[in-house]
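Note that this is a predicted model, so its numbers are computed, not measured. Note that ligands are numbered from 1 as they come in the structure, with each ligand's atoms numbered from 1 the same way. Values reported hereafter were calculated over all heavy atoms of this structure, with side chains retained and with hydrogens, waters and symmetry mates removed.
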Amino acid sequence: MKRKLAVIKGDGIGPEVMGEAIRVLNAVSEKYSHVFEYEEVLAGGISIDTFGVPLTEEAVKACKASDAVLLGAVGGPKWETLPGDLRPERALLGLRKELGCFANIRPAVLYDELSEACPLKDGISGKGIDLVVMRELTGGIYFGKRGRIQGVDEQAYDTEIYSRSEVERIAVKAFEIAGLRRKKVTSIDKANVLESSRLWRETVHEIAKRYPDIICEDLLVDNAAMQLVKNPAQFDVMLASNMFGDILSDEAAMITGSIGMLASASVGGTHPYLYEPAHGSAPDIAGMDKANPLATILCAAMMLRLSFGLEKEAASMENAVKAVLQKGFATADIAFAGSTVIGTRAMGQKVIENL
Ligand code: NAD
């Protein structure tokens, strides 16, 4: 079956890391006899330079017509003085909105070879970290009513608001993802205080009944923050609201080491989904063959699994990444004493050789 991918290389290191992800995908397609057709789409700074705006209607149309969207990174100093609406990062918000992406999935995996980058004690990290944070993206306090009330003592307020249907649709995604993993969903809330959390919890429990083979547990957000550093091995899928997920996904990222290793997917009710590494365009190392392409390669693996159901192929990419690290190869950002430091392109090649 032919699959159509919209590829947004973007700015800075974006084209370099995406170039390697595509090379690895091509090797996978050859090995497993798949056909991926790529359409390059401009967005971000390069779109500003070419069309005067960060995201054109044509770009949105091309992405919507694809089966999945892969994005490198956008932005850089060249465009930093532009007004907010014209900044490259607007392309990301615009795309997520246009594609109806209401959930962000961010895996946090600690590779044995990168354990030195983990700030936790060996006794804790040694049990392994392999979890995903699933964060609601389009609701909650970041989108609720907010304002200021003038007076002798000025006040400001933000409103956490969720509808049952908003919680239902992300809970379904969380259980689906858990079904592909270790079959456990930990739903994070603050139900001892917040009414919105009580609705969240009730709704998650309702959805859980549809998935009897998946363990569902609740955890208050303050305890979740502690448990993440005390015993991260207990988690499989952590399901959280926009704000709680924002905070916990960064905490989870921190305990697994380098930003150059973090993949993410933004998903919605319908395809295409959007796959993007967690890092930015890293202008400080752009064009120097120093960028770590593994986050983008791992994004491509997530795409194979979540958009196309190609589990074997996704696992083969992830195992190739592990094998390369095991053999001691590393880009500068993840190198430790004893690593053989290689560049972006060589890292892509090593992954291909280990497929
Ligand atoms: P950044 O993630 O680009 O860089 C932070 C640090 O991490 C830098 O030292 C960089 O060299 C390093 N780094 C990042 N990715 C790396 C990789 N793959 N391999 C090796 N090292 C890597 O964050 P920043 O410097 O705050 O932002 C730079 C630009 O990227 C800004 O314009 C920002 O707005 C934009 N940005 C874009 C996205 C995105 O496209 N999703 C996300 C964050 C920031």
List the closest protein heavy-atom neighbour of atom 39 (C) of ligand 1: residue, atom name, distance to the nearest 0.1 Å. Leu92 CD1, 3.6 Å

Under 4.0 Å between a Lys/Arg side-chain N and an Asp/Glu carboxylate O for Lys327 and Glu353? no

Would you mind running through ligand 1 and noting each atom that sits below 4.0 Å from a heavy atom of Ile285? 11 (O), 20 (C), 21 (N)

of all protein heavy atoms, closest to atom 9 (O) of ligand 1 is Asp284 OD2, 3.0 Å

Location of contacts on Val74 toward ligand 1, heavy atoms closer than 4.0 Å: both

For the pair Glu58 and Lys61, find out whether any cationic side-chain nitrogen is under 4.0 Å from an anionic carboxylate oxygen. no

Please state whether the rings of His34 and Tyr32 are parallel, tilted or perpendicular, taking 30° and 60° as the class boundaries. parallel

Ring-face cation contact, Phe175 with Arg210, 6.0 Å cut, 45° max: no

Distance filter under 4.0 Å to Ala73 heavy atoms, resulting ligand 1 atoms: 40 (O)

Lys/Arg N to Asp/Glu carboxylate O, Asp67 vs Lys2, below 4.0 Å: no

Could you check atom 32 (O) of ligand 1 against the protein and tell me its nearest heavy-atom contact, residue, atom and distance included? Gly76 N, 3.0 Å

Judged on heavy-atom distance to atom 16 (C) of ligand 1, which of Ile13, Asp333, Thr331 sits nearest? Ile13

Sub-4.0 Å protein heavy atom near atom 24 (P) of ligand 1: no

Among all protein non-hydrogen atoms, which one is nearest to atom 34 (O) of ligand 1, and what is the separation to 0.1 Å? Glu89 OE2, 2.3 Å

Whether over 12 other heavy atoms sit under 6.0 Å from Glu154 CD: yes

Residue-ligand contact Ala291/ligand 1, heavy atom below 4.0 Å: yes

Would you check the N or O atoms of Lys290, main chain and side chain alike, for any that come under 3.5 Å of an N or O of ligand 1? no

Specify the protein heavy atom at minimum distance from atom 7 (O) of ligand 1: its residue, its atom name, and the distance to 0.1 Å. Ile259 CG2, 3.8 Å

Charged N to carboxylate O below 4.0 Å: is that the case for Asp49 and Lys78? yes

Does the protein put any heavy atom within less than 4.0 Å of atom 5 (C) of ligand 1? no

For atom 17 (C) of ligand 1, what's the nearest protein heavy atom and its distance? Asn292 N, 3.6 Å

Shortest protein contact, atom 28 (C) of ligand 1 (heavy atom only): Pro283 CD, 3.5 Å

Using 30° and 60° as the class limits, which term best fits the ring planes of Tyr162 and Trp200: parallel, tilted or perpendicular? perpendicular

When you look at Arg135 and Asp246, which way does the salt bridge (Lys or Arg N to Asp or Glu O under 4.0 Å) test go after all the steps? CA-CA 7 Å; Arg135 167 188 171 190; Asp246 187 7; 3.7 Å; yes

Tell me the protein heavy atom at minimum distance from atom 3 (O) of ligand 1, and give that distance in Å. Ala282 N, 2.8 Å

Nearest non-hydrogen atom to atom 29 (C) of ligand 1 belongs to which of Gly75, Pro293, Ser281? Ser281

What closest approach, in Å, do Ser47 and Ala43 show between heavy atoms, and which atom pair accounts for it? CB-CA, 3.6 Å

NZ (Lys290) with more than 12 external heavy atoms under 6.0 Å: no

Can a salt bridge be assigned to the pair Lys190 and Asp222 using a cut-off of 4.0 Å between side-chain N and carboxylate O? yes

Do Gly280 and ligand 1 have an N or O pair less than 3.5 Å apart? yes

Counting only heavy atoms, which portion of Pro88 has something under 4.0 Å from ligand 1: side chain, backbone, both, or neither? neither

